[in-house]
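To keep things clear, I will list the structure first and then write my remarks on it.
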Amino acid sequence: MQRRTLACPVSAAVSRRRARRRSSAALLGAALAVLAAPSAESAESAAAPRDDRASREEGDGRPPPVGTELFSAGVDLEIAGRTLSYTDLLSENLRTYEVLGVPMPSVRGELYPLARSALPVLRDLGVALSYARAVGLDSEGAGGASVSTSWSRLHAGLRGRFRPAGQAGPVLFATGGLCWIDFDVQPTGDPSRDAASVSYVTLRLGVDGRLPVGPVALEAGAGYQAPLSMGALASHFREPSAGGVDLRLAVAVPFAPGLEARAGASYTRFFYDFDSEPEDAFIAGGALDQLFGVHLGVAYHGY
């Protein structure tokens with residue numbers, strides 16, 4: 001009877017000690033899990049940038065993620081041309097002008113200073129700049145003489161970008177800025193030839209788009225140019241007014257991390273309206289000044 005009486009409290013005490021040990025082990029396991037969770041999250045977040053950088057460095061043939069870069073820069077060789085003609089021409093002292101196949105090297109760049117920040121709008125605002133100048137260009141003067149001629153183009157402005165379908169989808173751009181287009185024929189004393197000189201300063205508003213298509217990307221853009229000054233051509237006529245539009249198309253083919261080859265074409269059209277009177281020295285209803293070119297080049301996108 002005594003043995004059976006002593007066995008009951010001993011078994012209860014052992015059970016309580018085992019229960020406390022199991023409870024302590026469960027608490028310790030929970031604490032370790034809580035401590036381990038931040039480390040796992042940190043490892044995953046640290047791995048993500050590494051994976052992103054690795055994917056950029058692999059150069060798998062896809063276009064670079066344009067629309068997220070910090071800056072881009074490019075050089076092109078353009079083969080350009082220009083034609084100038086008049087509408088409702090009544091005087092015989094004006095000449096049309098045409099030049100084709102002009103080599104015109106150009107450089108361009110874009111910078112998005114806050115691209116690496118987390119600011120949702122400011123990180124996609126940047127500045128854009130491009131410059132081109134013709135080489136070896138001459139015009140034909142009186143008697144077939146060669147006349148020195150210069151042709152240059154400068155664009156500078158603000159540029160914003162928008163990715164409606166994420167980084168892998170199309171990119172839309174909006175641009176606003178100033179353009180300078182200077183086409184200067186050395187004065188010959190013949191107004192019919194000197195009238196071909198123009199010096200456009202325009203306010204340009206434009207939109208562009210870039211669409212990835214397999215391993216390449218297609219680009220297209222258009223803009224309106226409001227002339228602030230027009231140069232010698234307009235000065236020959238009474239109350240001149242003008243406007244301008246431009247179009248461009250291009251294809252980009254990546255060939256190394258951050259680098260792509262580019263080919264495209266551009267077209268700019270300035271249209272004039274003149275209020276000529278019969279007694280004026282130069283009589284025409286308007287003029288059409290067209291500038292165009294095709295180009296090949298290379299661009300680099302830095303992240």
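Being a predicted model, the structure only gives us computed values, none of them experimental. Positions are given from 1 along the sequence.
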**Item:** Basic-acidic side-chain contact under 4.0 Å: Arg210, Glu260
**Value:** yes
**Item:** Hydrophobic cluster identity match, Leu89 and Phe271, side-chain contacts under 4.5 Å
**Value:** no
**Prompt:** Does Glu69 reach the main-chain N or O of Gly67 with its side chain, forming a donor-acceptor pair under 3.5 Å?
**Reply:** yes
**Message:** Test your reading of the model: is there a side-chain donor-acceptor pair from Ser91 to the backbone of Phe282, 3.5 Å cut-off?
**Reply:** no
**Fill in**
All heavy atoms of Leu84 vs all of Ala287, minimum pair found to be CD1-CB, 4.5 Å
**NZ/NE/NH1/NH2 to OD/OE distance under 4.0 Å, Arg82 and Glu98** = no
**Prompt:** What residues, two or more places apart in sequence or in another chain, satisfy salt bridge (charged side-chain N to carboxylate O under 4.0 Å, His left out) together with Arg204?
**Reply:** Asp246
**Request:** Taking all non-hydrogen atoms of both residues into account, name the closest pair between Ala242 and Pro227 and its distance.
**Result:** O-CD, 3.4 Å
**Item:** Salt-bridge contact Arg238-Asp275 (side-chain N to carboxylate O under 4.0 Å)
**Value:** no
**Message:** Can you confirm if the NZ or CZ of Arg108 lies within 45° of the ring axis of Tyr131 and under 6.0 Å from the centre of its six-membered ring?
**Reply:** no
**Prompt:** What's the shortest heavy-atom distance between Met104 and Ala134, and which atoms?
**Reply:** CG-N, 3.7 Å
**Request:** For the residue pair Tyr267 and Arg269, confirm or rule out a side-chain donor-acceptor distance under 3.5 Å.
**Result:** yes
**Prompt:** Can you check whether Val245 reaches Thr268 side chain to side chain, under 4.5 Å on heavy atoms?
**Reply:** no
**Under the ring pair (Phe, Tyr, Trp, His ring centres under 6.0 Å) test, residues paired with Phe270 that sit two or more places apart** = Tyr200
**Prompt:** Would you say Thr149's side chain and Val147's backbone share a donor-acceptor pair under 3.5 angstrom?
**Reply:** yes
**Request:** Search all heavy atoms of Gly297 against all heavy atoms of Asp76 and return the closest pair with its distance.
**Result:** CA-OD1, 3.3 Å
**Request:** Measure up the Phe237 and Tyr86 rings against each other and bin them: parallel (under 30°), tilted (30 to 60°), perpendicular (over 60°).
**Result:** tilted
**Asked** Okay, side chain of Asp184, backbone of Val198: is any donor-acceptor separation there less than 3.5 Å?
**Response** no
**Request:** Flag the pair Arg153 and Glu78 as a salt bridge only when some basic side-chain nitrogen lies within less than 4.0 angstrom of an acidic carboxylate oxygen.
**Result:** yes
**Request:** Can you see which heavy atom on Ala156 is nearest to which on Trp180, and at what distance?
**Result:** CB-CZ3, 4.3 Å
**Request:** Give the C-alpha distance, both sets of side-chain angles, the deciding distance and a yes or no for side chain to side chain contact (heavy atoms under 4.5 Å, CB included) between Leu114 and Tyr112.
**Result:** CA-CA 6 Å; Leu114 300 179; Tyr112 298 86; over 6 Å; no
**Asked** If only atom types and distance count, is the side chain of Thr87 paired as donor or acceptor with the main-chain N or O of Gly286 below 3.5 Å?
**Response** yes
**Ile79 with Val251, same ILVMFWY side-chain cluster at under 4.5 Å** = no
**Item:** ILVMFWY cluster, Val201 and Leu129 together (side-chain gap under 4.5 Å)
**Value:** yes
**Prompt:** What about Tyr224 and Phe173, same hydrophobic cluster or not, with Ile/Leu/Val/Met/Phe/Trp/Tyr joined at side-chain heavy-atom distances under 4.5 Å?
**Reply:** no
**Prompt:** Rounded to the nearest 0.5 Å, how far does CD of Gln290 lie from CG of Leu288?
**Reply:** 4.0 Å
**Asked** Applying the side chain to side chain contact (heavy atoms under 4.5 Å, CB included) test to Asp208, which of Arg161, Glu219, Arg248 qualifies?
**Response** Arg248
**Fill in**
Closest non-hydrogen contact found for Pro170 with Ala165 is CD-CB, 4.1 Å
**Request:** May I ask you to say whether Arg163 pairs ionically with Asp124, meaning some side-chain N is under 4.0 Å from a carboxylate O?
**Result:** yes
**Asked** Should Val294 and Leu247 be counted in the same cluster of Ile, Leu, Val, Met, Phe, Trp and Tyr side chains packed under 4.5 Å apart?
**Response** no
